[in-house]
Visitor: 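Quick one: the structure is below, and I'll ask about it shortly.
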Amino acid sequence: SFWTKTVFDWAFSFFSFSPIIHHMKSIKKGRLFEQWKKFIASFFWLDPCAGGICIRDRRWIREIICVIHRDGGVMLPKWRIKRWEKTKEAALREFQEETGIYSSTLGWKIGTIRDRIRRKKITFYHIYNSGTLTPVHDEAVMWLPLESAQQKMKHPAEKKFLKKYL
């Protein structure tokens, strides 16, 4: 019928995104399109990071290696993955750089955090420790009991991760 076809065509043209797509095709040739793509991708892109968790049992208390930030917050040793690195290599390298334990070895994958607030995807691996702590950077590194480390965690995503996996 004529009226349903006309109404359908009008509704389809009204609710379709063809004007937007046509506009995007017209600006695709310029720099504006590249800027637009980067802007939209920034909402979905998460920086890949890797880190290590080292746990020991001492006197019936489970302890974990933590980095103590200048403002007093506690964090797990982690940082960004370099372009040419694999996740496992980056986790071991970052753990060794931040704690100063260069005789450590890599274990199994513990889990991944997708932190949308800080826009990071952090993969943690278990690290076997066979050395002493010698902090390299400005921050202090120390063994903390697991419960107090969870309470003092600086980032809520890491606090939630520790409660879930450890």
Side-chain angles (χ1 to χ4, degrees), residues 17 21 24 28 31-166:
F17 295 104
I21 292 169
M24 292 299 287
K28 193 171 185 175
R31 265 185 57 207
L32 185 62
F33 184 72
E34 294 300 320
Q35 292 173 353
W36 175 255
K37 279 196 328 190
K38 286 180 185 176
F39 174 73
I40 295 299
S42 70
F43 289 104
F44 302 104
W45 176 255
L46 299 174
D47 285 337
C49 299
I53 296 177
C54 185
I55 299 172
R56 72 177 180 186
D57 291 323
R58 180 176 244 187
R59 299 185 200 117
W60 302 285
I61 297 172
R62 182 165 274 192
E63 293 180 330
I64 187 169
I65 291 182
C66 293
V67 177
I68 297 166
H69 201 258
R70 285 178 233 119
D71 63 358
V74 174
M75 299 180 302
L76 296 171
K78 68 192 172 309
W79 198 244
R80 290 190 183 102
I81 299 173
K82 295 178 181 170
R83 286 186 185 150
W84 59 86
E85 267 184 326
K86 294 181 180 175
T87 310
K88 290 181 178 183
E89 296 169 0
L92 186 61
R93 176 185 55 81
E94 284 303 328
F95 182 82
Q96 290 173 345
E97 283 179 5
E98 292 202 17
T99 60
I101 304 173
Y102 290 99
S103 58
S104 54
T105 56
L106 190 70
W108 65 89
K109 179 180 173 182
I110 296 176
T112 302
I113 299 175
R114 283 181 171 76
D115 192 354
R116 298 274 178 200
I117 297 169
R118 294 182 294 150
R119 291 183 29 208
K120 290 184 178 183
K121 178 185 171 189
I122 311 165
T123 305
F124 284 103
Y125 287 88
H126 184 267
I127 304 287
Y128 295 104
N129 176 19
S130 59
T132 58
L133 292 173
T134 52
V136 179
H137 299 298
D138 296 340
E139 290 109 1
V141 179
M142 61 189 317
W143 288 97
L144 287 175
L146 190 59
E147 291 79 23
S148 68
Q150 287 175 348
Q151 291 171 355
K152 296 176 185 176
M153 275 291 160
K154 185 176 179 181
H155 304 295
E158 289 182 15
K159 185 184 291 189
K160 189 176 177 182
F161 178 79
L162 280 181
K163 285 181 182 176
K164 183 177 179 182
Y165 287 104
L166 304 178

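Residues take their numbers from the sequence shown, with the count starting at 1.
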Visitor: Taking C-beta and beyond as the side chain, do V141 and I65 meet within less than 4.5 Å on heavy atoms?
Guide: yes
Visitor: Looking at E158 and L76, would you say the former's side chain and the latter's main chain have a donor-acceptor pair under 3.5 Å?
Guide: yes
Visitor: For P77 and F124, which heavy atoms make the closest approach, and how far apart are they?
Guide: O-CE2, 4.3 Å
Visitor: Does Q150 reach the main-chain N or O of E147 with its side chain, forming a donor-acceptor pair under 3.5 Å?
Guide: no
Visitor: I need the minimum non-hydrogen distance between C49 and K120, along with the two atoms involved.
Guide: SG-CD, 3.8 Å
Visitor: First locate atom CG of L146, then atom CD of Q151, and finally report the distance between them rounded to the nearest 0.5 Å.
Guide: 10.5 Å
Visitor: Pairs in or reaching into residues 50-69: which pass ring pair (Phe, Tyr, Trp, His ring centres under 6.0 Å), with residues at least two apart or in two chains?
Guide: none
Visitor: Verify the neighbour count for atom CE of M142: are there more than 12 heavy atoms of other residues, nucleotides or ligands below 6.0 Å?
Guide: no
Visitor: Quick one, E98 with E94, criterion side-chain contact (heavy atoms from CB on, under 4.5 Å). Give me CA distance, side-chain angles, the key distance, then yes/no.
Guide: CA-CA 6 Å; E98 292 202 17; E94 284 303 328; 3.9 Å; yes
Visitor: Between G107 and Y125, what is the shortest heavy-atom contact and its length?
Guide: O-CD2, 4.1 Å
Visitor: Is there side-chain contact between K154 and D71, with heavy atoms separated by less than 4.5 Å?
Guide: yes
Visitor: Flag the pair E63 and R56 as a salt bridge only when some basic side-chain nitrogen lies within less than 4.0 angstrom of an acidic carboxylate oxygen.
Guide: yes
Visitor: If you look at every heavy atom in I127 and G52, which pair is closest and at what distance?
Guide: CG1-CA, 3.6 Å
Visitor: Is the closest side-chain heavy-atom distance between V74 and M153 below 4.5 Å?
Guide: yes
Visitor: Could you give the distance from CG (L106) to OG1 (T87), rounded to the nearest 0.5 Å?
Guide: 10.5 Å
Visitor: Considering only heavy atoms from C-beta outward, does the side chain of K159 approach that of H155 to under 4.5 Å?
Guide: no
Visitor: Take the angle between the ring planes of Y165 and F161 and call it parallel below 30°, perpendicular above 60°, tilted in between.
Guide: tilted
Visitor: Can you see which heavy atom on I81 is nearest to which on A90, and at what distance?
Guide: CG1-CB, 3.8 Å
Visitor: Apply salt bridge (charged side-chain N to carboxylate O under 4.0 Å, His left out) to K88 and list each qualifying residue two or more places apart in sequence or on a separate chain.
Guide: none
Visitor: Side chains of H126 and I53: does their closest heavy-atom pair fall under 4.5 Å?
Guide: no
Visitor: Nearest 0.5 Å please: distance from the CG atom of L92 over to the CD atom of E97.
Guide: 10.0 Å
Visitor: Answer yes or no: is there a side-chain heavy-atom contact under 4.5 Å between C54 and W143?
Guide: yes
Visitor: What pairs meet the side chain to side chain donor-acceptor pair (under 3.5 Å) rule with one or both residues in residues 101-111, with sequence neighbours excluded?
Guide: S103-S130
Visitor: Could you tell me whether D115 and K121 have a side-chain N and a carboxylate O separated by less than 4.0 Å?
Guide: no
Visitor: Less than 4.0 angstrom from a charged side-chain N to a carboxylate O is my criterion; do D47 and R80 meet it?
Guide: yes
Visitor: Between CD1 of I55 and CD1 of I64, what distance do you get to the nearest 0.5 Å?
Guide: 5.0 Å
Visitor: Rounded to the nearest 0.5 Å, how far does CD1 of I110 lie from NZ of K164?
Guide: 13.0 Å
Visitor: I need the minimum non-hydrogen distance between A50 and A91, along with the two atoms involved.
Guide: CB-N, 3.6 Å
